[in-house]
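Encoded as structure tokens, the structure appears first; notes follow it.
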Amino acid sequence: MTSAYNTIWLRNLAIVKEARQWMKEGVISPEQFRLIGETYKSGFYHPNLMIRILLFIATLIALGGVTGLVGLMFAEIMEDAYAGLFLVYGIGSLLFLESVFIKRSHHYKSGVNEALLYHSLGFIIAAIAGFADFDSVTLTTVACFFVLGFSAWRYHDLISTGAALCAFAFLVFYEFYEMGGIFEQIIPLVFIAVFTPLYFLFRKFRNDKRAALWEDGLVLAEAFSLIMVYAAGNYFVVRELSINLLELNLEAGQDIPLAFLFYGLTVIIPMVYLYFGIKNKDVVLLRVSLLAIAFSVFTFKYYFSLGHPEFTLTGAGVVLVTIALLLFRYLKTPKAGWTRENILKEKWADMNPEAFIISQTMGGNQVVVDDSFKGGGGGFSGGGSSGTF
Amino acid sequence: MRPDDLKELRDQNLLTNDQFIRLELLSSKKIISVFYELRILLYLGVLLFTTGIGILIYKNIGDIGHMLSIGALIVVTVICFYYAFKNALDYDHGRVSGPTPYFDYIVLLGCLLFISVLTYLQFQYEIFDDGLGLTTLVTAAFFFYAAYRFDHLGVLSLAITALASFWSISLSPQKWYSGDFFEDANLHNTAIIFGAALSAAAMVLDKKSIKTHFTFTYVNFCSLMFLIGALAGVFINYNDYAVYLLILYAGCALTVYFAHLKKSFLFLIYAFVFGYIGTTFFLINTIMDDPGLWFFYFIASCGGFVFFIIRYKNYFKRAA
């Protein structure tokens with residue numbers, strides 16, 4: 001049992017999708033694109049993103065109706081055997097997804113697929129947790145990890161992949177946290193020791209030709225491992241989690257154990273990421289390193305602040321704009337294989353979402369000058385929940 | 001794409017050798033583009049800088065040395081626009097891309113600083129002291145001009161938001177959950193009229209093929225404003241909502257028509273979500289009082305909708 005989908009079609013679809021980007025960029029002609037499409041046929045029903053979202057919402061509502069009806073029918077025996085019922089219902093809808101939508105109608109990430117998938121995964125996980133009366137965190141997390149991991153692997157689903165990774169990280173954290181004592185203290189080191197080899201493992205998989213169909217999921221797993229390693233070494237994360245979860249009381253002048261180590265790691269890890277990202281031309285490393293640098297700067301500002309956030313903001317803005325403009329200038333002609341030009345558009349890279357983000361993050365709420373209508377107390381709160389009618 | 005796949009395409013004569021060489025550079029990572037990374041850096045820089053400047057001015061109003069910083073701010077704004085006007089390509093009704101990859105962000109920076117300067121001048125000297133929020137209107141007018149002159153979708157969306165806030169409509173998803181989307185009782189009417197009027201104007205511009213790639217942004221904002229306004233009307237006028245329900249349906253019909261026109265299915269989502277909420281509200285109020293009936297309604301309506309989309313899947317394909 002491997003991928004639920006026809007793997008030849010999957011590969012063909014990936015090739016055609018990429019060829020479409022080439023066509024949009026004018027690298028190949030529409031005629032060539034048509035020929036590629038004919039050579040690499042795939043019979044999937046794989047609509048565009050908007051239709052997928054639409055189908056996802058509609059399917060979820062319809063499934064809510066189905067669940068409600070089934071629930072009404074079995075309301076009598078629900079009390080005693082809900083876990084068993086959940087399991088049967090969850091597995092049943094998974095089989096329905098496989099046989100009707102995947103095998104017969106050839107849906108591939110159509111929105112209907114995702115809705116049915118999450119629906120059945122939810123019930124299966126709830127069933128397993130229910131067998132222990134929702135008392136065992138370990139069992140629930142392990143169930144999440146295996147069920148979601150299964151879905152990540154068999155249905156190439158990215159959200160399942162991310163959720164399975166989170167479940168795994170939480171499991172490691174929780175087990176050591178429960179053991180207490182010295183085991184609590186070494187959680188950061190354990191995270192680094194676990195996720196560093198995992199990163200190399202994921203990267204090795206990604207370079208393996210047989211894993212080509214799971215490439216997106218593996219990129220996600222790589223980035224996740226890198227972020228975990230960084231977070232485990234970050235002074236801010238370690239300190240705040242120690243105080244909040246391990247009930248560490250710090251007097252003035254005291255510091256967390258091994259503070260120097262975590263200060264060091266906060267600086268060194270992003271630099272290492274950046275260095276190898278540039279050296280190996282590894283985009284995943286590079287992007288994570290930029291995030292990590294930003295968070296490291298924040299960490300130091302948080303503990304060594306001069307109390308003028310507005311200067312920090314303005315200064316940081318100036319520095320960022322200057323660096324970006326200098327790099328744009330520097331890369332006017334490609335240097336060592338790096339270029340500033342937009343060679344191939346990424347599929348989400350459109351000015352339309354960007355415009356929306358700009359309007360939401362900048363200016364949108366600053367320009368309101370008259371305050372006459374502010375602060376009247378929220379009279380209206382959706383769905384008819386308040387008593388103002 | 002993996003280099004092997006690329007070779008396969010070439011061997012089948014689906015790619016010419018030149019194209020293969022060009023694409024091979026990318027797939028083998030001989031060339032890597034940092035276009036998006038640099039743009040995000042620039043975007044963050046502009047965001048931080050303008051936010052910081054805004055707080056800085058606000059905190060130090062009336063201080064000595066303050067005039068100096070305002071002066072500096074005006075100078076930076078002027079430099080941004082000087083650069084923009086000097087380097088911009090000539091105006092054209094079609095799409096004009098910026099002369100450099102960072103041109104867009106210089107324009108954006110200039111526009112955002114323009115808000116700061118104007119707000120400051122208003123605050124300190126009350127140049128427009130009639131209390132009608134004339135600054136907002138001036139900002140909106142200037143942004144519309146800049147958006148068309150420099151072909152900038154980001155500035156256009158700022159202009160639309162500024163114009164909307166002149167009419168006291170604040171369009172921001174961040175406010176949905178806090179429940180103060182429409183505080184004023186009649187604001188939903190304003191939103192409906194505003195949305196209808198501006199999208200009508202946008203459609204006229206579209207017909208005259210003036211910056212047709214702006215139409216999406218216009219209609220995106222306007223349809224959301226219109227539909228939210230109509231839905232709020234349905235909820236607020238609890239006992240007498242028939243008119244608003246009809247307005248809502250009319251809005252949904254127009255959005256579906258627009259989706260059809262531009263093959264842009266985002267608008268189908270809007271129409272579906274708002275129409276569905278309105279209809280469900282109507283049915284709950286009239287005939288559906290048995291929970292069991294709801295389940296059948298959910299299954300029938302949404303199941304039917306899913307079936308409809310899959311049945312006519314060819315219609316819902318994006319033009320290649």
What distance separates B:Phe265 CZ from A:Arg52 CZ, expressed to the nearest 0.5 Å? 15.0 Å
Before you tell me yes or no, could you show the steps for A:Val283 and B:Glu37 under side-chain contact (heavy atoms from CB on, under 4.5 Å), namely the whole-Å CA-CA distance, both residues' side-chain angles and the distance that decides it to 0.1 Å? CA-CA 10 Å; A:Val283 179; B:Glu37 282 79 1; 3.9 Å; yes
Is it true that atom CG of A:Leu72 has more than 12 heavy atoms of other residues, nucleotides or ligands lying nearer than 6.0 Å? yes
Applying a strict 4.5 Å limit to non-hydrogen atoms, the region of A:Leu286 in contact with chain B is side chain
Distance (rounded to the nearest 0.5 Å) between B:Tyr43 OH and A:Leu320 CG: 12.5 Å
Shortest non-hydrogen contact from B:Ile53 toward A:Thr314: N-OG1, 3.6 Å
Need one label for B:Val234: side chain, backbone, both or neither, based on atoms under 4.5 Å from any heavy atom in chain A. neither
Measure distances from A:Arg11 to the heavy atoms of chain B and classify the residue's part below 4.5 Å as side chain, backbone, both or neither. side chain
Contact winner vs chain A - B:Ile309, B:Ile106, B:Ile299, heavy-atom pairs under 4.5 Å: B:Ile299
With a 4.5 angstrom heavy-atom cut-off, which part of B:Tyr276 approaches chain A: side chain, backbone, both or neither? side chain
A:His107 side chain near B:Ile310 side chain, heavy-atom distance below 4.5 Å: yes
Is it the case that more than 12 heavy atoms not belonging to A:Phe298 sit under 6.0 Å from its CZ atom? yes
Mind listing the closest non-hydrogen atom pair of B:Leu48 and A:Ala316 along with its distance? CD1-CB, 3.9 Å
Region of A:Val66 in contact with chain B, defined by heavy-atom distances below 4.5 Å: both
Whatever's closer than 4.5 Å to a heavy atom in chain B on A:Ala294 counts as neither
Please report the C-alpha distance between A:Leu325 and B:Tyr102 in whole Å, then the side-chain angles of each, then the deciding distance to 0.1 Å, and finally whether the side-chain contact (heavy atoms from CB on, under 4.5 Å) criterion is met. CA-CA 7 Å; A:Leu325 286 181; B:Tyr102 47 82; 3.5 Å; yes
Rounded distance (nearest 0.5 Å) linking atom OH of B:Tyr297 with atom CD1 of A:Ile61: 8.5 Å
Quick check for you: among A:Leu60, A:Ile57, A:Ile28, which has the greatest number of heavy-atom pairs under 4.5 Å with chain B? A:Ile28
Going from CD1 on A:Ile36 to CG on B:Leu9, what distance comes out if it is rounded to the nearest 0.5 angstrom? 5.0 Å
From the list A:Ala58, A:Gly111, A:Ala212, A:Ala324, the residue making the most non-hydrogen contacts under 4.5 Å with chain B is A:Ala58
Max heavy-atom pairs within cutoff under 4.5 Å with chain B, candidates A:Leu290, A:Ile323, A:Leu69, goes to A:Leu69
Name the region of A:Thr39, side chain, backbone, both or neither, that has any atom closer than 4.5 Å to a heavy atom of chain B. side chain
Distance col, row B:Phe272:CZ vs A:Ile53:CD1, nearest 0.5 angstrom, shows 13.0 Å
Please assess A:Leu49 against B:Leu266 for the test side-chain contact (heavy atoms from CB on, under 4.5 Å), listing each intermediate value before the final yes or no. CA-CA 9 Å; A:Leu49 182 65; B:Leu266 173 67; over 6 Å; no
First locate atom CD1 of B:Ile269, then atom CZ of A:Phe56, and finally report the distance between them rounded to the nearest 0.5 Å. 12.0 Å
Checking B:Leu41, B:Val46, B:Leu44 against A:Val321 for side chain to side chain contact (heavy atoms under 4.5 Å, CB included), the one that qualifies is B:Val46
What's the verdict on side-chain contact (heavy atoms from CB on, under 4.5 Å) for A:Leu54 and B:Phe305, showing C-alpha distance, side-chain angles and the deciding distance? CA-CA 10 Å; A:Leu54 203 53; B:Phe305 184 73; 3.7 Å; yes
Please identify, among B:Phe49, B:Phe267, B:Phe296, the residue contributing the most non-hydrogen atom pairs under 4.5 Å to chain A. B:Phe49
Quick one: what part of A:Val319 sits under 4.5 Å from any heavy atom of chain B, side chain, backbone, both or neither? neither
